[in-house]
Structure formats: structure tokens, C-alpha cells
Amino acid sequence: MKCLPNTTFQRADKELFALETLHLAHALIGCRLVTTIEGVRSSGIIVETEAYGGAKDPAAHSFRGETPRTQVMFKEAGHVYVYFIYGVHYCVNIVSEREGTAGAVLLRALIPDENREKMQERRGGAANDAVARGPGNLCKALGIDLSLNGEYAPESEKIWVEAPRDPLPLPILRSPRIGISKAKELPWRFYLANCASVSKGPVGS
DNA sequence: GCAAAGATCGGCT
DNA sequence: GCCGATCTTTGCA
């Protein structure tokens with residue numbers, strides 16, 4: 001099942017990423033996330049994101065200020081923040097806002113696009129809709145790990161974002177964020193309506 | 001130093 | 001619906 005129309009993509013530059021965090025989270029829906037890992041390119045259409053703020057967001061890693069782990073969140077917009085969680089999974093974010101101000105958008109789900117076979121292989125043969133559904137699965141499907149932490153998406157040869165020429169014809173919905181214990185009520189999650197690759201439904205828990 | 005929590009996932013009851 | 005895997009980061013003693 002195809003959720004999306006045919007369109008062409010071109011690499012997003014720093015102007016896109018410099019948006020305010022909530023706007024970037026919305027704008028990234030429909031963009032294509034591309035990685036080239038060990039010479040192998042694969043990609044998917046972003047269908048689910050969450051915004052994480054700075055000093056005002058107790059759910060964000062950056063809430064308590066800059067630490068060795070969170071320093072990437074304070075860099076110029078367009079940097080890539082990857083972290084390892086629960087001893088098992090990686091999660092990937094695109095940094096927003098200006099240098100010195102923390103903000104990032106967690107990428108939670110993709111529709112597999114280029115090189116689906118490789119993504120499926122990395123995921124141990126999961127069904128297409130599930131290959132990049134959920135932040136941990138998304139990273140596994142695209143081969144994202146800590147070696148990509150700190151990459152700069154506008155210039156990186158390993159990971160970048162491509163914007164669609166044509167805007168999406170489907171509505172983008174929002175809901176509270178998933179899997180957090182603080183600031184649960186903030187409706188800072190964005191996702192594409194009616195898409196089987198989105199990790200959870202409208203309720204979001 | 002140490003202990004607890006964590007932006008998850010898949011398997012099992 | 002609950003639970004375990006498995007390890008890094010961080011806050012506090």
C-alpha cells in the first residue's frame with residue numbers, strides 16, 4: 001500500500017533546520033531521511049516526529065543543561081544527535097534552533113523507500129510497514145549508530161534529509177509524545193494520518 | 001564510586 | 001498488558 005504520491009526530492013539545507021523546534025518537527029513529515037553506510041544507500045519517508053525543547057521541556061535530555069552527551073543538541077541546527085537507550089536501541093534526532101540553544105526533533109518512523117531489501121535485512125526480515133516503525137527500529141533499518149552522532153546533515157555524506165518538491169496531500173496530526181514520564185501532556189508529536197508505518201495511533205500511549 | 005532511570009522493543013501470559 | 005534485556009548517563013553521597 002502506497003501512502004505517498006510520486007515526487008522528487010532534494011537535499012535540505014540549513015534554512016529548513018533553523019526553524020523553531022515545533023515547526024521543524026512538522027516540516028520534517030514527508031521529507032526523506034537518507035543514510036549511506038559502508039557505501040550502501042537506503043532511505044525512507046519520515047511519517048512521525050517528536051519535538052524536544054531546551055530549558056522549558058523537562059522531558060528533553062538537554063533540560064538540565066549541556067553535558068557531554070547533550071552537547072550536540074546545543075549546536076547549530078542541522079546536526080544529528082544519536083543516543084543509545086535501554087542498553088539496546090539507538091534513537092536519532094535532527095538538531096533545531098540556533099547554536100547555543102538546545103532543541104531537537106526525534107525521528108520516530110519512516111516508510112521504507114530506497115533499498116528496502118537492505119533495510120529489511122538489517123531488521124531481520126520484518127514486514128515492510130514495520131521495518132522503520134518506532135525510533136529504535138528506524139535506526140536499525142537505516143544502519144544508524146553512535147558513529148553518526150554529531151554529523152552535519154546539510155553537508156554529511158553519511159546521513160542527510162531531502163525535502164519533497166511537492167507538499168503532502170495528507171493531513172498531519174498531532175498528539176502527546178510517547179514513552180516519556182515528564183511533560184506527557186504537551187502535544188509535541190506529529191504524524192501522518194492513515195499510515196501503517198506510524199508507531200501508534202491517535203491516543204499515543 | 002554507586003544506583004537508578006531511561007525519548008524502546010518483542011515476547012509471553 | 002506486563003516484563004526482561006542490557007548499558008550509558010547522570011545525580012548524589
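Any value given below was found using the heavy atoms of this structure, including those in side chains, with hydrogens, waters and symmetry copies removed. The sequence lines fix the lettering, A, B, ..., with proteins before strands; numbering per chain opens at 1. Predicted, not measured: the structure shown is a model, and the values here were computed from it.
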Pairs under 3.5 Å (Watson-Crick or G-U), crossing ones as [ ], inter-strand ones as |: DNA chain B comes out as ||||||.|||||.
Protein N or O to nucleotides 8-12 of chain C N or O, pairs below 3.5 Å:
unit_1, atom_1, unit_2, atom_2, d
C/dT9, O3', A/Arg69, NE, 3.4
C/dT10, OP1, A/Thr67, OG1, 2.1

In short, A/Ala109 meets A/Val198 closest at the heavy-atom pair CB-CA, 4.3 Å
Are A/Arg122 and A/Glu38 ion-paired here, with the side-chain N under 4.0 Å from a carboxylate O?
-> no
[N] [atom2] sits how many Å from [X] [atom1], rounded?
X        : N      : atom1 : atom2 : result
A/Tyr90  : B/dA7  : OH    : C1'   : 16 Å
A/Leu107 : B/dT8  : CG    : C1'   : 15 Å
A/Arg189 : B/dT8  : CZ    : C1'   : 14 Å
A/Lys200 : B/dG10 : NZ    : P     : 11 Å
A/Leu106 : B/dA7  : CG    : C1'   : 5 Å
A/Tyr81  : B/dG6  : OH    : C1'   : 11 Å
A/Arg177 : B/dT8  : CZ    : C1'   : 16 Å

Exercise. Using only heavy-atom distances, decide whether a donor-acceptor pair under 3.5 angstrom links the side-chain of A/Tyr86 to the base of C/dA5.
Key: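 Answer no: no donor N or O sits under 3.5 Å from an acceptor.
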Pick one: which of A/Glu162, A/Arg116, A/Glu114 meets side chain to side chain donor-acceptor pair (under 3.5 Å) with A/Ser43?
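Among A/Glu162, A/Arg116, A/Glu114, the one that satisfies the side chain to side chain donor-acceptor pair (under 3.5 Å) with A/Ser43 is A/Glu114.
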Base, sugar-phosphate or nothing for A/Ile180? Non-hydrogen atoms, less than 4.0 Å. sugar-phosphate
Just call it for A/Asn137: base, sugar-phosphate, or nothing, with non-hydrogen atoms closer than 4.0 Å on any strand.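 Since only primed, P, OP1 and OP2 atoms lie under 4.0 Å of A/Asn137, the category is sugar-phosphate.
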Excluding A/Tyr83, membership of its hydrophobic cluster (Ile, Leu, Val, Met, Phe, Trp, Tyr; side-chain heavy atoms within less than 4.5 Å) reads A/Tyr52, A/Val72, A/Met73, A/Phe74, A/Tyr81, A/Ile85, A/Tyr86, A/Val95, A/Leu106, A/Ile180
- Query: Can you tell me if A/Arg174 uses its side chain to pair, donor with acceptor, with the backbone of A/Pro187 under 3.5 Å?
  - Reply: yes
Exercise for review: Look only at the side chain of A/His26 and the backbone of A/His23, and say whether a donor-acceptor pair between them is shorter than 3.5 Å.
Suggested key: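 Checking the backbone N and O of A/His23 against the side chain of A/His26, no donor-acceptor pair under 3.5 Å is found.
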* **B/dA5 to C/dC3 separation - P atoms, rounded to the nearest Å** =>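 Here B/dA5 and C/dC3 have their P atoms 16 Å from each other.
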task: Give a yes/no on whether any side-chain N or O of A/Arg108 is located under 4.0 angstrom from OP1 or OP2 of B/dT8.
output: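 True: A/Arg108 side-chain N/O within range (under 4.0 Å) of B/dT8 OP1/OP2.
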Going through the checks in order, is the side-chain contact (heavy atoms from CB on, under 4.5 Å) test met by A/Lys56 and A/Leu186?
CA-CA 11 Å; A/Lys56 301 175 290 275; A/Leu186 296 175; over 6 Å; no
Are A/Asn115 and A/Ser42 close enough that a side-chain donor and a side-chain acceptor fall under 3.5 Å? no
Between A/Ser181 and A/Arg123, whichever has its closest DNA chain B nucleotide further toward 5' is A/Ser181
*Give me the one residue out of A/Val47, A/Leu142, A/Asn137, A/Val131 that meets side chain to side chain contact (heavy atoms under 4.5 Å, CB included) with A/Leu110.*
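Of the listed options, the one satisfying the test is A/Leu142.
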